[in-house]
Amino acid sequence: MIGEFFKGLFLMIWKVVTDQPDPKVEFVSVFPATIQPIISVLLSIVPIIMVFASLFALTTLLERKGLGRIQNRLGPNRVGPFGLFQPVADGLKMLTKEDIVPHSADKLIHFLAPIVLLVPTLLAYAVLPFGQNMVPIDMDAGILFFFAVGASTELSIFMAGWSSRNKYSLLGAMRAIAQMISYEIPLIISSVTVIMIAGSLSLVEIVDKQSGYHFGFLPHWNVFTPWGLAGFIIFLIASLAESNRSPFDIPEAESEIIAGHLTEYSGFKYALFFLAEYLGMFAVSGLAVTLFLGGWRAPLPFLEIVPSYIWFLLKLMGLVCLFIWIRGTLPRLRVDQLLNFAWKFMLPMSLINLFVAAIWHFTSVWNFRGAGLGRWLLCAAMIAVPYVWLGRTLIGNKKITHRTYRFAN
Amino acid sequence: MGITFAIIAALTLVSAIAAMSLRNLVHCALSLAVTFAGIAAMYLQLDAQFVGFAQILVYIGAVAILIVFAILLTRSSETPQPVISRSWIMGIVIALAVFGVLTKVILSSSIAQRELPAKPAPTVRQIGDQLMTRYVLPLEAIGLLLTAATIGAVIIAMHDKKGRGDGGQNVNSTPSRAEAHQHADETHNLIT
Amino acid sequence: MLGEGIIKGMVETAKNFVGSYHDPKRLTTVEYPENKIPAKENARNFPFLVFDGVDADKGLRCVACQICEKECPPKCIYIIKDTVKKPDYMGKMQIQPKIFDIDISVCMSCQICVEVCPFEAIKMDTQFELSTTDRFENLLLNKRELAKPNEYYHKIHPTEATEVDERLAAEKAKAEAKAKADAEAKAKATVAAAAAKAAPTPVPAPAK
């Protein structure tokens, strides 16, 4: 029994490391039949939580270090070698802090909000294909599931903001909801293009559709098509807004409304919000990787010996670094700018992109000489022209000059 | 069926009752969201993935938010009414009567006697195919209707913007509500 | 307009990021307790008392005139005059402070005491690492703690200190010259008086 247990365990670890199908079978069969489903489910859930929670810790450090370097400073370097234990110190600080609940707060909802936020965020990981044989649930409507659970986080942010009985919290919650529902539309429409081309809502199938290489080196990733590139950029911008990250961090704009819906939270609940925010960012980056960057597929044929999940994580971390870079560069938008940008620019662009994707789909039957290049150029032009036109008309007749100050000069 | 169904059904019922009877409007809205989630869980239990997720996306992601916005932006100095009205005996009698009549009609109808059809496996692909072939006309009609509603919402919002000079609080609140409407419509458009 | 500005900004921050690893201009932060930037000459913090020579008590320039005490906006200076007088740099007998306290927890570093002091006795220090665990004892500096030699003043504010020294030297030279002139005049007068006494016809002594 014990021998079988360890044999199954080692076999499972070996199979996971070497990227083989069905790693759990031998290990799960050790247990009695009644608890086998539970063990199997636990074996899927625990690694996700562990990996992404430690990724969260790593990212907070990476973010603070990177932002420091961008702003000509060193970043945290006091706790442990190169400040590597900073996340541990942060975590201990969070956990040992007093949990303060405002006197007039709605106690139950105030307590429930962080939990209700974290649960859908974690649920979103259930459909992401992390590796060749690593997808917790291969669902038929996987992407729909992802967006459905993503949509239910808005309500918990409202709960947090409303139950705190604080004007800043409520303002932050209202801003968060306005922002999230506005940017959810471009987010969904830009992923609809991929669904249209792949012809499936299943994320596993979408990754499968991106296999193979052009000319032996250029992978068939969606991002290398005109509609895919535009969709990827729209998706990235919208996902920045969805995960409340700078430059779209107006729901928790420190200089305006303290911390938005987080104002009245402290200690462990605050840590949960923080965790949920970062997990949401990872999930949405994971979706971007899956939809546009070929998921777990290697970028070059000879690199396929590297296990698939490594590629997934590398791409994910690349996107996270991009997010940090953007955060270090751009200032925060105003609310009206944010909503105008969503409704007047992102929405038309994503609709045009949808149309271009349809054209791409129908021109795939072209088979004359130079058809591939012609198709590419046609679609690129169909995106670039409206982009330039929209960009110019939205600026309008406003002359952008250097700002003049009445008293400072 | 079995325990899972019982739990989901109990959750749905309890939250529905809470949505009707709680004093605080926001609490009602939140328990209504729980009810929506329970219904979605039931769809999922019936293997209707698409409908279940669409239910979550539309009802929790949009309709519940819309309700919450409406509550927050319109809440005035209302006096809390007693939850149970004075004529509750009459109400219960009428409700029971309606329930009895409905039960009798349903039990005696020909549908109740019909045999259950074989359980279909409604994949998302099938739904999509059906929508694009057999039901394409209703789909287009709904799409047109919702687009008209969207344009109407935009026009209302624009009209308010003109009158911003003389308006009070109301002016500030209406555009965002219209926006929420618009969002719900867009989501509908997407789903359908 | 079309996102060029964003790209420009991203390039700049990327330059900052990469530059921080090899270019000291892109990493201006100094790790403070281990490395310190030498204080700038214009740095000013809290006042101190200047003394000449080696003995703090003997060389203290302060004459306890109490102007700074009166002018201090937050009233953080406390002076008690001593009964014993001591010679100043010109050799003139002056009052000296018996107690001179500055409460730097109250001081707001306005430098008004320095502006009003006619004797160049109080100057601004650059010392800033003054944190302590006892806010009553260690933040109330007494005469002994405040007194610092003129050489220290030269070290922290060289230009200003040289100026002050020149001014004092000029004043001293002027005073000495005047004293000399006075002495000569006196001597002359004495000589004249003696001559007048000696002479039979009295000559009125020159009025001084």
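Quantities reported herein were computed from a predicted structural model and do not represent experimental measurements. All chains are named by letter (A, B, ...) in the order of the sequence lines, taking the proteins before the strands, and each is independently numbered beginning at 1.
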(Q) So if I apply the side-chain contact (heavy atoms from CB on, under 4.5 Å) rule between F235(A) and each of I188(A), N353(A), L291(A), T193(A), which one comes out positive? (A) L291(A)
Q) In a check of side-chain contact (heavy atoms from CB on, under 4.5 Å) between I67(B) and each of L32(B), V26(B), L30(B), L25(B), which one passes? A) L32(B)
Q: Report the option among A148(A), G199(A), A151(A), S200(A) that has the most heavy-atom pairs separated by less than 4.5 Å from atoms of chain B.
A: A148(A)
Q.
Looking at chain B, which one of L170(A), I177(A), V149(A) has the largest number of heavy-atom pairs inside 4.5 Å, strictly under?
A. I177(A)
Q) When rounded to the nearest 0.5 angstrom, what distance separates SG in C28(B) from CG in L22(B)? A) 5.0 Å
Q.
Which residues in residues 102-111 of chain A have any heavy atom closer than 4.5 Å to a heavy atom of chain B?
A. D106(A), I109(A)
Q) Quick one: what part of L201(A) sits under 4.5 Å from any heavy atom of chain B, side chain, backbone, both or neither? A) side chain
Q: Select one option (side chain, backbone, both, neither) describing which atoms of M159(A) are under 4.5 Å from chain B's heavy atoms.
A: side chain
Q) Between H27(B) and W162(A), how do the two ring planes meet: parallel, tilted or perpendicular, split at 30° and 60°? A) perpendicular
Q: For the pair Q55(B) (side chain) and Y43(B) (backbone), establish whether a donor and an acceptor sit closer than 3.5 Å, ignoring hydrogens and angles.
A: no
Q.
Determine whether a donor-acceptor pair (N or O, by modelled atom type, separation under 3.5 Å) exists between the side chain of Q179(A) and the backbone of F248(A).
A. yes
Q. F147(A) and F53(B): aromatic ring centres closer than 6.0 Å?
A. no
(Q) Using a strict threshold of under 4.0 Å (side-chain N to carboxylate O), is an ion pair present between R175(A) and E256(A)? (A) yes
